[in-house]
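In what follows, a single structure is set out as structure tokens and then discussed.
Numbers here are sequence positions counted from 1. Read the numbers this way: they start at 1 and go in the same order the structure lists the ligands and their atoms.
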Amino acid sequence: MSTIERLKTAAGSGGFSEDIGEIAPHLTEWRGKYSGCSPLLLKPATTREVSALLAICHETGTPVVPQGGNTGLVGGQIPFHGEVLLSTKRLNKIRAVDSHTPALVAEAGVTLAGVQQAAMGAGLFFPLSLASEGSCTIGGNVSTNAGGTHVIRYGMTRALVMGLEVVLADGRVLDLLRLLPKDNTGYDLKQAFIGAEGTLGIVTAAALKLFPQPKSRAVGFAAVASPAAALELLREMQVRTGGLVSAFELLPRVALDLVIAHIPGTCDPLSSPSPWYVLVEATAGEGVDLQALFENGLLGANDAVIAASEAQAAALWALRENISEAQKREGASIKHDIAVPVARVPDFLAAAVSAVLKLAPGARPVSFGHLGDGNLHFNLQSPRRGDDKRFLALWEGMQLLVHDLVRDFGGSISAEHGIGVMKRDALPRYKSHEELEVMRALKAALDPKNILNPGKLVPPVLKL
Ligand code: FAD
Ligand code: ZN
């Protein structure tokens, strides 16, 4: 029997598809930047099925690409070389909710929105929040160590995972689903699979930390003179609220202009323009007067507005959340998902803007994002009335310039989107020889036949 026939038999009816129409949406990522091909889509519904399928892949040396919601931004979920595709969409159960720990156990294919709802149903809160939350899956979030807007308060996905269930390359099931806040019994093995982008095992379920549901929220939008002033304001707001800031996002004026120009229904909430803005959110339980804390902290020294209703809060958030869309409507842009130590953001921005403008005079820097995490989406919009094609031809040179500068500032060339294929070949430039050796050793130990998402994340050794 051929390998494909063996996989189909193991998957059972309903557990696979060879239908071109059904497979097609899994082959291209949402921006159309990457596309691939696959002869077979596997759709296991249980961990045992994943295990049986991987045992066959391992025995026959058949490469397999895991895929959740297909919202990844670095091409990690795409089968570029005709690999078998394994979708986790049918691993879609909430297995348990534990309101004492508090935590829940979700299977890998549950959407992030599904996890948030399950938490809310139990009167609790799961803080991971991404614009893709209706489609992305918890298995994908774990495998990319997703970030989003609440990292400043709750951390990346890594900080929210208490345990994992993982199927190893040869089909063995590694059960690390412990609901233990404390467990000092040696290597924390689950960490190896978080952010591994499907190269070390297939995550089939995750135990996730939950939090008390916030009872109140304040959202403010303030003009600031500079990124350094924004950092000062962040410090002050953290002190005033006792660390309750749940989002602190930086926006340059050009981002606001683009949103107002392209997104109907948006407007400048302040009366006079400013070079920079911050969007601040804090949440609390009962008895904390966040509104008063915001009035003293934000309105005291700045031109600022504080949302008086949920609708106003949503309108302020829309200014931040629509920047990518507005950039797309405006034309071409070159993007970087980078992080530097929070304290060094102002100096990095000054150096990076001056360097990129030498390479691309007239380009419009749209540096926005998660200032509280030192993570900026350092984007360059093509020059006004410029030639988009000529501008995009600068992409590689621009990335090199920006990423080298990020390294010089002690930063990361991928703060939250991962490596996939997009940045794989850049890694040797920015990671030490020793780091790369340990990465390769882990890969070789856990996936000796290189069947799990081959060609992603781990750079090959270059033969001279
Ligand atoms: P996929 O895209 O299907 O896969 C991503 C990677 O994980 C691939 O390498 C895949 O092989 C692997 N994988 C998936 N499931 C498993 C599994 N069960 N076991 C092992 N490997 C697996 N990301 C952020 O961090 N912050 C943001 O704010 C953010 N905003 C976004 C906004 C939009 C509009 C979009 C489209 C994307 C955004 N992303 C963001 C990126 C993306 O949503 C995240 O990377 C998300 O975690 C991917 O989840 P997914 O289920 O779609 O995974
Ligand atoms: Zn982001």
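Below 4.0 Å from some heavy atom of L130 lie the following atoms of ligand 1, by number and element: 24 (C), 26 (N), 27 (C), 28 (O). Taking every non-hydrogen atom of S143 and a distance limit under 4.0 Å, the qualifying atoms of ligand 1 come out as 7 (O), 12 (C), 13 (N), 16 (C), 17 (C), 19 (N), 20 (C), 21 (N), 22 (C). In the vicinity of A146, heavy-atom distances shorter than 4.0 Å reach the ligand 1 atoms 25 (O), 47 (O). Interface of Q67 with ligand 1, defined as ligand atoms under 4.0 Å from a residue heavy atom, comprises 3 (O). Which parts of ligand 1 touch G147 is read off a 4.0 Å heavy-atom cut-off, strictly below it: atoms 24 (C), 25 (O), 26 (N). Interface of V203 with ligand 1, defined as ligand atoms under 4.0 Å from a residue heavy atom, comprises 17 (C), 18 (N), 19 (N), 20 (C). Set against the non-hydrogen atoms of L73, the atoms of ligand 1 under 4.0 Å away are 37 (C), 38 (C), 39 (N), 41 (C). Taking every heavy atom of T88 and a limit of under 4.0 angstrom, the matching atoms of ligand 1 come to 18 (N).
Between F125 and Y154, a ring centre-to-centre spacing shorter than 6.0 Å is recorded. Between F348 and F409, the ring centre distance stays below 6.0 Å. Taking the ring centroids of H417 and H336, they lie at or beyond the 6.0 Å cut-off.
Paired with M162 under the rule side chain to side chain contact (heavy atoms under 4.5 Å, CB included), one option of D98, L180, T101 passes, and it is T101. Just one of R217, R153, H150 meets the side chain to side chain donor-acceptor pair (under 3.5 Å) condition when paired with T283; it is R153. Checking each of V166, L452, N453, L53 against I202 for a side chain to side chain contact (heavy atoms under 4.5 Å, CB included) leaves exactly one that passes, namely L452.
Taking distance alone, with nitrogen or oxygen atoms compared against 3.5 Å, A108 stays at or beyond that limit from ligand 1. For ligand 1, the polar-atom distance check finds no N/O of H370 at less than 3.5 Å from any of the ligand's N/O atoms. By the 3.5 Å distance cut-off applied to N or O atoms, G72 is counted among the residues near ligand 1. Where the criterion is an N or O separation shorter than 3.5 Å, residue side chain and backbone included, E416 meets it with respect to ligand 1. At least one N/O-N/O distance between N453 and ligand 1 falls below 3.5 Å.
For atom 9 (O) of ligand 1, the nearest protein heavy atom (residue, atom name, distance) is E197 O, 3.1 Å. Of the protein's non-hydrogen atoms, the one nearest atom 46 (C) of ligand 1 is N141 ND2, 3.5 Å. Here the protein heavy atom with the shortest distance to atom 1 (P) of ligand 1 is N70 N, 3.6 Å. Among all protein heavy atoms, the one lying closest to atom 10 (C) of ligand 1 is P66 O, 3.2 Å. Protein heavy atom closest to atom 4 (O) of ligand 1, with residue, atom name and distance, is Q77 CB, 3.5 Å. In terms of protein heavy-atom proximity, atom 3 (O) of ligand 1 is closest to G68 N, 2.7 Å. Of the protein's non-hydrogen atoms, G140 CA, 3.5 Å is the one closest to atom 53 (O) of ligand 1. For atom 48 (C) of ligand 1, the nearest protein heavy atom (residue, atom name, distance) is T71 OG1, 3.4 Å.
Contact between G201 and ligand 1 is present, with at least one heavy atom of the residue lying under 4.0 Å from the ligand. For K456, the closest heavy-atom approach to ligand 1 does not fall below 4.0 Å. In this structure, G148 is part of the shell of residues with a heavy atom less than 4.0 angstrom from ligand 1.
Here the closest heavy-atom approach between residue E197 and residue I419 is recorded as OE2-N, 2.7 Å. Nearest heavy-atom pair across A196 and L457 is O-CD2, 3.4 Å. Pairing each heavy atom of P79 with each of S38, the nearest pair is CG-CB, 4.0 Å. Heavy-atom minimum distance, R429 versus L400: NE-CD1, 3.5 Å.
The Zn ion (ligand 2) has no N, O or S atom of H417 inside 2.8 Å of it. For D337, every N, O or S atom stays at 2.8 Å or more from the Zn ion (ligand 2).
Ion pair E330/K328 not flagged as a salt bridge, since none of the NZ, NE, NH1 or NH2 atoms sits closer than 4.0 Å to an Asp/Glu carboxylate oxygen. Taking 4.0 Å as the cut-off between side-chain N and carboxylate O, R329 and E325 count as a salt-bridged pair. Ion pair E249/R320 flagged as a salt bridge, since at least one NZ, NE, NH1 or NH2 atom sits closer than 4.0 Å to an Asp/Glu carboxylate oxygen. The residues D337 and K335 are annotated as not salt-bridged, no charged nitrogen and carboxylate oxygen being separated by less than 4.0 angstrom. With respect to R235 and E232, a salt bridge is recorded, a charged nitrogen being found less than 4.0 Å from a carboxylate O.
Taking the Zn ion (ligand 2) as reference, the nearest N/O/S atom within E416 carries the name OE2.
With a heavy-atom cut-off of 4.0 Å, H417 touches ligand 1 through its side chain alone. Here F193 has no heavy atoms under 4.0 Å from ligand 1, in either its backbone or its side chain.
A donor-acceptor contact under 3.5 angstrom links the side chains of E22 and S17, judged on distance only. Judged purely by distance below 3.5 Å, without hydrogens or angles, the side chains of Q327 and N379 pair a donor atom with an acceptor atom. Donor-acceptor pairing under 3.5 Å is recorded for the side chains of T47 and E165.
Around the Zn ion (ligand 2), the two atoms NE2 of H370 and NE2 of H377 are separated by an angle of 100°, to 10 degrees.
For atom 45 (O) of ligand 1, the choice among L85, N145, V110, T144 with the nearest heavy atom turns out to be T144. Ranked by closest heavy atom to atom 35 (C) of ligand 1, the top entry among A196, S87, S132 is S132.
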